[in-house]
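Reviewing the structure listed below.
Residue numbers start from 1 in every chain, and the chains themselves are labelled A, B, ... in the order their sequence lines are given, proteins ahead of strands.
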Amino acid sequence: MVERLVIIGAGMASGRALEHIFEDAPGRFDVTLFGAEPRGNYNRLMLSPVLAGEKDYEQIITHDDAWYEAHGVHTRFGESVTGIDRQRKIVISKNGETPYDKLIVATGSAPFIIPLPGKDLPGVMAFRDLDDVNRMVEVSRRPGARAVVIGGGLLGLEAAAALRARGMEVVVLHLMGHVMERQLDPAAGYLLQRDLEARGIKVHCKAQTKAILGQDRVEAAALEDGTVYGADIVVMAVGIRPEVRIATDAGLHVERGIVVNDQMVTSDPDVLALGECVEHERIVYGLVAPLYDQAKVLAKTLAKIDAAFRPVQTATQLKVTGVSVYSAGDFAEAEDRNEIVLRDATSGVYKRLVLKQDKVIGAVLYGETGDGPWFFDMIRKGTDTSEMRDTLIFGQAYQGGSPLDPMAAVAALPDDAEICGCNGVCKGAITGAITAKGLTTLDGVRAHTKASASCGSCTHLVEQLLHATLGDAYNPAAIQPICPCTEYGHDDVRRLIIAKSLKSIPAVMQELEWKTSCGCAKCRPALNYYLVSDWPGEYEDDGQSRFINERVHANIQKDGTYSVVPRMWGGMTNPKELRAIADVADKFQIPAVKVTGGQRIDLLGVKKEDLPAVWADLNAAGMVSGAAYAKGLRTVKTCVGSDWCRFGTQDSTGLGIRLEKFMWGAWTPAKVKLAVSGCPRNCAEATCKDIGVVCVDSGYDIHFAGAAGLDIKPTELLCHADTEDEALEIIVALTQLYREQGRYLERIYKWAKRVGTPSILANVVTDRDKRRHYYERFVFSQTFAQVDPWEERVNGKDAHEFAALAEFGMPVAAE
Amino acid sequence: MTDWIEIGTIDAIPRRGARCVNTPAGRIAVFRTQQDQVFAIENRCPHKQGPLSEGIVHGASVTCPLHNWVFDLATGKALGADEGQVRIYPIDLVDGRIFMALESALVAAE
Ligand code: SRM
Ligand SMILES: Cc1cc2nc3c(=O)[nH]c(=O)nc-3n(C[C@H](O)[C@H](O)[C@H](O)COP(=O)(O)OP(=O)(O)OC[C@H]3O[C@@H](n4cnc5c(N)ncnc54)[C@H](O)[C@@H]3O)c2cc1C
Ligand code: SF4
Ligand code: FES
């Protein structure tokens, strides 16, 4: 038997419900559809583009006459239902009574109009249906027309942007401190306001509207603070209220909305309801996604199939062309939550994820919203993100299918994903080179693409790409040769230099069958260091195998000038040194003087030919090279310690100076930075240095293997020393062990990780003889190393470096 | 006919090193290899103007000190994955004396 189904309201929710009903219960219902609007179903969301002139009404129709006809729907458009008689099971409208067996209430919501003086003036309108849009478009055609939009939420801003696109002057009045405060946090709200203002929309926040002014139509809007904005239309977009009047009159259970159960049935078993007019578990929805779920469930209920509607999360996007905003879930701050934020000021990107116990519960994206759905999915599923926390904010492209499998993650990256930030190399370039050039090693990739050849922080990604591209043909366990000039890795070369007593670069290259005549820029500096370190006093340093900075004892700058950093022992200086620095800066017109992060002063922009003269003046004031360029001892930072500080337990400044004076000049595999703090408050930041001392009442805690550059890593506690002498001996022995074992360019923390702390402890802490032995080797090596390179050059060493081979002046005259 | 002008002797340049000839229009880097070959090229890396004379010399190539591009001294072409070219200047080596074409010395790289 065919049942009579009457539907009140031809909106988004009922339209979707009808589709499901015809699928789930074909032929079961004879449908009558009432709609207050004089037209059928269209996509209400798309009214904004229609208002903006980007779309026509025809393009947003979802169900046309043919569709209703095909499904036998009796359409009663332009006919409001004015009453329901549940006893008699009829609905009442201007054309009389219509009986039903089942009734669906889908009346949506009505725009909320603030009861302001002047609210009834012509020109005050809402933004809800096509008639509103048509009215606004008409006014916008008048030259110089002005609009005031009350409400800076989703709807108000879409209206404002659309009216602006139509050429109107637009002011948005918003009561709250920032726009879209229900979907956006203040930072994203700020960016949005900025972007809207860039389009010429004025946004007035914290605006308390007092009255709408005008004689026979609207002329202006006045604020409590006295501001008056002229207006030809005032659009009220402050909110919506569920349209429940007929349901209330019919005696259905209504709270904020018409109360329904999980099956979308109201307090009357023959009356169902869905859409913005209903309330389910105290929630009233204002976005379509949950309404579509309701439509599915409602159709199933009518078809007598079990189904239940459950509360859902919603996500919001602002449909303003050129503005990307995405917001989902709950993003308020709270004690038990933490957040991940990514900002890019230049491109106007802001992303914020709110996490609670490793689960994303809220996301706000501005400027770049492509990952919105992905985050939203996690919010809905309650995905555990602990495995991908570090890269989560970068989005799906950086994760791949399963977060546990890094291979899948790189495989999932798009070809244009940037892998190497330093050199701007993207994935496609790397995999392309691997295939085209038959590359099988990291070095190969570095040589051909430069990827991971600079700071190296993307090395693991490049290795994963090698793996993903080559499969098992890539064997990272194989020893990485130092460079393409040899088959040997660093450790083998170091071992063989000692075993075979190789004491010059040509000797190493000859005996170890180097494949090139004179090496390359990678292996020569490494070999030079190994030889300097292993044969003190015997091997003659090869300047031509050193990077320019270490060859001329200054740091080359991007414009080819140099920087000069004199030592300031332990960060201490005095008027004489400062005067000398000031004088040198004046005399040589050095353009920049900067305090470095290493507690000393940098003179930047020195011409190469001036270097020896600059050094001569600094030497004269007692200063030597600070080795700011060296794979060697750099700085020893200190705090004021017991000399001055009320908390100081030991003379940290004194120990720092002593260490720096003891160890300066030593070459090491990579740079070495020390610090000594006078108490655990640690003002010298000793616990992120290669070696750091934290003074305590009972003596000295010696820390090591910290990093604060490319990687950031706190130090590990090596041991405690009772006296300054003991601390110095341990530190020096530790440095020597590192000098002998470290691979070129391997910082202490990486070396320590490779060889393991136990082996280090055994060599420099527990076994005193061994410690002494390393200490003495360092002391011996220092007898050759502690020569100020500046002074040597002031006295003429490497003079060729600082003068041109030949100078030609301006051509005097043509011969 | 080319006029040659002497710019110095080979001993004035360290092996695997370079020195500059300053001209009114810029610097020319003169290199000496391990094998005592001598090459002259423009002292400006096409990447970001790195002074090539400060680079590490290996074989008949130099690695730019700023970002490690490698150039073939004989052709001035970047090697490996990079693309770029520096000007090269003819050199004559007679008895350890280095000669450069006069016009190069006067109107070198801009
Ligand atoms: C001048 C200075 C910045 C400043 O203005 O403060 C500086 C400048 C340079 N640093 Fe630095 N670093 C300076 C303190 C630091 C610090 C802070 C510190 O020492 O307390 C760090 C982090 C701590 C650390 O090293 O762990 C630091 C971590 C780096 C790194 C990353 C090293 C790493 O292994 O992670 C590099 C790159 C490298 O060495 O390969 C680097 C490289 C550089 C270079 C040498 C870049 C280059 O290759 O040309 C810069 C030379 C500029 C110049 O000519 O002066 N600089 N650099 C600081 C000099 C301190 C000094 O008095 O000697
Ligand atoms: C401009 C605009 C942009 C929007 N953008 C988005 C967006 O981007 N994303 C999103 O999720 N949501 C958006 N929304 C909200 C979305 O349109 C609504 O959530 C959705 O339309 C609600 O569907 P509904 O069927 O409950 O109500 P409606 O679609 O409003 O349908 C209810 C219909 O019932 C009619 N009606 C009411 N009372 C009676 C009666 N007594 N008799 C007969 N007919 C009656 C009304 O005239 C109306 O046509 C937007 C809304 C607007 C206005
Ligand atoms: S952080 Fe260091 S390496 Fe980077 S730009 Fe500053 S000084 Fe140069
Ligand atoms: S300037 Fe030469 S490599 Fe960048």
Smallest separation among heavy atoms of B:N22 and A:A804, with atom names: ND2-CB, 3.6 Å
Heavy-atom neighbours of A:E609 CD exceed 12 at 6.0 Å: yes
Rounded distance [0.5 Å steps], CZ in A:F808 versus CD1 in B:I28: 8.0 Å
Donor-acceptor contact below 3.5 Å, side chain A:R524 vs main chain B:V57: yes
Over 12 non-hydrogen atoms of neighbours within 6.0 angstrom of CD in A:E540: no
Point-to-point distance, once rounded to the nearest 0.5 Å, from CZ of B:R16 to CG of A:D542: 4.0 Å
A:E807 and B:T23: CA distance, side-chain angles, deciding distance, side chain to side chain contact (heavy atoms under 4.5 Å, CB included) verdict: CA-CA 6 Å; A:E807 294 270 0; B:T23 79; over 6 Å; no
A:G560 versus B:P51, closest heavy-atom pair with distance: CA-CG, 4.2 Å
Euclidean distance, A:L805 CG relative to B:T9 OG1, rounded to 0.5 Å: 8.0 Å
B:E54 backbone acceptor or donor facing A:R551 side chain under 3.5 Å: yes
Under-4.0 Å salt bridge between B:R19 and A:E801: no
Part of A:D798 within contact of chain B (heavy atom distance under 4.5 Å): neither
Residue pair B:A12 / A:H800: nearest heavy atoms and the distance that separates them: O-CB, 4.0 Å
Minimum-distance pair of heavy atoms, taken over all atoms of B:R15 and A:Q544: O-CG, 3.2 Å
Step-by-step side chain to side chain contact (heavy atoms under 4.5 Å, CB included) determination, B:H58 to A:C485: CA-CA 11 Å; B:H58 40 99; A:C485 304; over 6 Å; no
Segment of A:A803 engaging chain B (4.5 angstrom heavy-atom cut-off): both
Euclidean distance, A:K522 NZ relative to B:I56 CD1, rounded to 0.5 Å: 12.5 Å
Contacting region of B:I13 [heavy-atom separation from chain A under 4.5 Å]: side chain
Most chain A-contacting option - heavy-atom pairs closer than 4.5 Å, from B:P65, B:G80, B:S53: B:P65
SG on B:C20 to NZ on A:K608, rounded to 0.5 Å: 7.0 Å
A:K437, NZ: over 12 other non-hydrogen atoms inside 6.0 angstrom: no
Neighbour count above 12 (heavy atom, 6.0 Å) for A:K503 NZ: yes
Within 6.0 angstrom of A:Q510 CD, more than 12 heavy atoms from elsewhere: no
